[in-house]
Amino acid sequence: MTAQDSPSRSLQLTRDGQLKHFLTLDGLDRSLLTDILDTADSFIEVGERSIKKVPLLRGRTVVNLFFESSTRTRSTFELAAKRLSADVLNLDISTSATSKGESLSDTLLNLEAMASDMFVVRHAQSGAPHFIAESVTPGVAIINAGDGRHAHPTQAMLDMLTIRQRKGSFEGLRVGIVGDILHSRVARSQICALNTLGAAEVRVIAPATLLPQDAESLGCKVEYDMARGMKDLDVVIMLRLQRERMEGALLPSEREFYRLYGLSQDKLALARPDCIVMHPGPINRGVEIESAVADGPQSVILNQVTNGIAVRMAVMSMAMGGQMAERSQRQAEGERA
Amino acid sequence: MTAQDSPSRSLQLTRDGQLKHFLTLDGLDRSLLTDILDTADSFIEVGERSIKKVPLLRGRTVVNLFFESSTRTRSTFELAAKRLSADVLNLDISTSATSKGESLSDTLLNLEAMASDMFVVRHAQSGAPHFIAESVTPGVAIINAGDGRHAHPTQAMLDMLTIRQRKGSFEGLRVGIVGDILHSRVARSQICALNTLGAAEVRVIAPATLLPQDAESLGCKVEYDMARGMKDLDVVIMLRLQRERMEGALLPSEREFYRLYGLSQDKLALARPDCIVMHPGPINRGVEIESAVADGPQSVILNQVTNGIAVRMAVMSMAMGGQMAERSQRQAEGERA
Amino acid sequence: MTAQDSPSRSLQLTRDGQLKHFLTLDGLDRSLLTDILDTADSFIEVGERSIKKVPLLRGRTVVNLFFESSTRTRSTFELAAKRLSADVLNLDISTSATSKGESLSDTLLNLEAMASDMFVVRHAQSGAPHFIAESVTPGVAIINAGDGRHAHPTQAMLDMLTIRQRKGSFEGLRVGIVGDILHSRVARSQICALNTLGAAEVRVIAPATLLPQDAESLGCKVEYDMARGMKDLDVVIMLRLQRERMEGALLPSEREFYRLYGLSQDKLALARPDCIVMHPGPINRGVEIESAVADGPQSVILNQVTNGIAVRMAVMSMAMGGQMAERSQRQAEGERA
């Protein structure tokens with residue numbers, strides 16, 4: 001199966017190839033990812049103005065539908081939506097709505113009936129945003145803000161934007177991803193994006209206990225040793241050690257993890273001298289990264305945050321555009337029929 | 001006492017008969033309810049636009065004052081206010097403000113002093129919104145979003161809008177309300193609205209344990225048997241079985257309730273063939289309604305949700321208009337004096 | 001050290017003496033405080049309009065960063081920001097973000113990277129807003145919404161605005177502050193403001209257990225006896241008895257406190273006949289103030305609330321103006337260099 005006819009592609013794109021949902025990077029081709037990066041680039045400038053607003057989603061209703069709470073991610077989507085001039089409704093479903101015993105699908109039908117235009121969905125279960133996109137009323141766009149261990153595509157795209165800003169292009173780049181690959185939805189999305197955009201090599205660096213069984217089938221090389229893993233890297237992406245996500249004792253201790261895989265200045269020196277350091281945040285200083293590295297000249301961690309707003313503005317406005325194009329098409333067809 | 005001189009009427013209307021608070025349907029006449037429905041009709045179209053906004057409450061401050069939390073109802077009022085271009089402040093008083101021991105009346109005086117224009121009030125105690133409307137500073141509109149067992153007038157009006165859309169008018173209609181009448185503020189408001197708007201018959205259908213002692217004095221017929229109750233109905237309104245509201249064992253079991261009063265396809269077949277099915281939501285599938293009915297062609301449950309935004313926009317903008325008219329009048333009188 | 005060269009002054013003001021942060025009244029001179037009051041006066045009128053909005057912060061992102069939750073104070077800042085047309089992001093850090101173990105400084109760096117323009121900070125620790133202002137990216141304004149026992153400068157300025165409205169000026173005024181001076185950040189800010197603005201006498205009235213050891217060094221007279229303390233007062237400011245803040249038994253009982261220091265009509269009669277009564281709210285009726293006094297003709301307690309919005313609009317717009325002036329200056333210098 002090629003990317004061109006994957007089910008994810010047909011779910012996410014209009015017949016003309018415009019984005020209408022943003023669920024996963026699977027099935028999206030290089031030209032579409034490049035479009036997202038180019039659009040995001042144009043929004044970077046909006047964040048630097050005094051009046052940080054464009055009217056692209058004016059009068060639209062964006063619902064932040066967080067079944068798993070995350071203040072940080074919710075805030076970036078909320079700011080992105082407001083800078084696009086949308087009205088935002090925050091629903092923290094983990095604490096509220098379904099307490100009356102309503103099913104997910106009934107909750108969604110109700111929100112759609114309130115004339116919502118877009119759901120930004122975060123869910124602990126892999127595939128929940130797909131399920132929602134498959135069943136939602138035509139015209140409503142679904143944006144995945146992280147689902148289970150599956151994907152976190154806006155995080156991956158903000159990482160790609162940050163890499164492109166610093167490296168110019170993806171050609172010839174060697175990128176290492178270090179840490180808990182097994183539990184990381186971010187890593188899955190990053191590997192996919194890097195391969196689609198043409199990176200020369202994607203390398204995951206982790207102990208066997210923090211790797212999925214078929215790691216190489218994700219499209220990456222596997223390296224258990226940090227020193228060998230760092231060699232020749234242009235970009236090193238540290239993952240957050242999600243202590244809350246690890247069930248049972250996969251690691252002897254945090255200190256042991258830091259000794260073996262924590263990014264210290266010594267280990268960073270093994271990479272290329274212009275290697276940039278990335279982290280999706282929030283960082284655990286002294287657990288997966290040394291403070292001197294996180295705050296050092298090779299770190300682009302805060303650029304990632306800034307780019308996060310721009311990338312979210314890009315996918316939100318593009319998906320809304322796709323929905324509108326499809327609606328016009330449906331109307332035109334209705335009139336011809 | 002006629003509707004014309006009821007205390008609820010004089011509290012809710014300006015001297016010229018314009019709405020200035022919206023607390024209960026008691027004392028409001030057919031022409032005013034029809035005005036609300038007509039105004040709501042005009043807002044239905046706003047929800048279908050890309051830019052779902054009208055400037056009627058621009059620069060106004062609407063405070064959602066929820067002493068009893070309800071994400072669903074609060075969200076519809078929040079969206080309605082934002083589509084009218086108001087600034088919205090959500091206060092969940094059940095968890096916050098009065099924790100410092102401040103009285104309700106002091107909380108209100110403070111919010112009024114912040115130049116609030118409208119309070120949307122939800123309270124577990126019957127009569128709380130009336131109390132507030134009686135004591136509030138002139139110029140501030142009070143909207144009842146549900147008080148104790150007393151009233152839920154915006155819910156009843158969205159039901160009326162849904163019936164009128166489907167049936168054209170109320171003339172000759174037979175409407176059945178099924179379930180926990182005893183604890184339902186919605187049922188009280190619905191019975192009142194249907195009688196005012198001229199329905200031919202309002203029938204409540206429930207076991208004796210879920211009926212108030214003087215049910216018929218509310219202006220309805222009482223029927224204990226579901227099969228007899230469904231006969232000839234044009235509209236059947238199922239109430240939510242509010243398990244959290246029932247104190248003690250008023251019913252043998254949920255299964256028994258469903259067998260006797262749950263709306264199955266079989267029971268629906270006893271009504272008129274074009275009978276519509278309504279429910280205020282959230283629905284308990286398999287407790288008070290069968291899924292095939294809730295999702296079937298006679299169901300208008302999701303239309304009710306859509307109409308809920310339009311009805312709330314209507315009463316909010318009408319009440320604000322009434323307050324402004326009264327203010328102008330007060331100023332004119334002040335100048336003459 | 002004169003006010004002119006205090007470290008608080010240089011932290012809060014641009015080189016040209018414009019406000020750029022608002023952290024404390026220490027180091028701010030009479031002309032600046034008067035500017036704030038004059039600006040606030042001009043916003044009073046905005047609160048009386050139907051359209052309560054001015055475009056001064058349009059497209060700006062204001063983050064309410066509450067490390068100590070306070071619905072009341074957060075609401076007034078939220079309304080003030082919205083009336084200035086800003087986009088507002090509410091972050092209740094006490095319950096959320098740092099739960100993932102992120103440091104304060106990392107949380108702030110992240111929020112800055114999201115292109116925030118202003119942080120309104122409430123923190124249980126004295127000095128937290130100073131710390132933030134010292135480390136924040138140039139261009140971001142910090143407003144202190146209460147820090148530990150240290151300061152609550154917007155509360156003090158709304159009190160000053162209320163006094164000036166009623167008394168015309170501060171010249172010759174005798175002002176008494178009654179209650180728990182020891183734990184009150186408000187009292188510290190009030191004493192500083194009254195001295196700077198030229199009040200004739202600031203008197204604190206409290207039992208020794210509720211006074212700091214060096215009370216007189218704050219710039220006030222100390223009086224232990226309420227009857228002597230009330231004599232000749234033009235303004236009496238009652239403090240809230242913060243039961244949650246008192247550790248251990250500093251007082252025999254609330255009843256005993258009320259008998260000795262509670263503001264009854266009898267005690268108020270000992271002050272000047274036109275003495276006004278103030279309280280920062282929420283009031284404890286019958287603990288520090290009698291209801292007849294709180295609701296009586298000399299009370300200006302609700303005027304304080306109204307003035308709170310205007311004062312917050314004033315400091316927010318002035319600080320943003322200072323930041324913009326400084327940015328222009330930096331750019332001009334950059335070009336010359």
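Every heavy atom of this structure was used, including side-chain atoms; hydrogens, water molecules and symmetry mates were not. This is a predicted model, so every value here is computed, not measured. First the proteins, then the strands, lettered A, B, ... as listed; each starts at 1.
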For the interface with chain A, which of N90(B), I51(B), V46(B) has the highest count of heavy-atom pairs at distances below 4.5 Å?
I51(B)
Could you check if a side-chain atom of K52(B) sits within less than 4.5 angstrom of a side-chain atom of D87(A), using non-hydrogen atoms only?
no
Could you list which of residues 153-166 of chain B have a heavy atom closer than 4.5 Å to any heavy atom of chain A, in residue-number order?
none
Any chance you could measure T61(A), atom OG1, to L79(B), atom CG, to the nearest 0.5 Å?
5.5 Å
Scored by heavy-atom pairs under 4.5 Å with chain A, the best of E48(B), R49(B), R285(B) is R285(B)
pair R74(B)-L89(A): side-chain heavy atoms closer than 4.5 Å
yes
Are there residues of residues 109-119 of chain A whose heavy atoms fall under 4.5 Å of chain B's heavy atoms? If so, which?
L109(A), N110(A), A113(A), M114(A), A115(A), S116(A), D117(A)
Checking heavy-atom separations under 4.5 Å from chain A, one finds in residues 301-312 of chain B L302(B), V305(B), T306(B), I309(B)
Neighbours of chain B found in residues 317-329 of chain A - heavy atoms under 4.5 Å:
M324(A), R327(A)
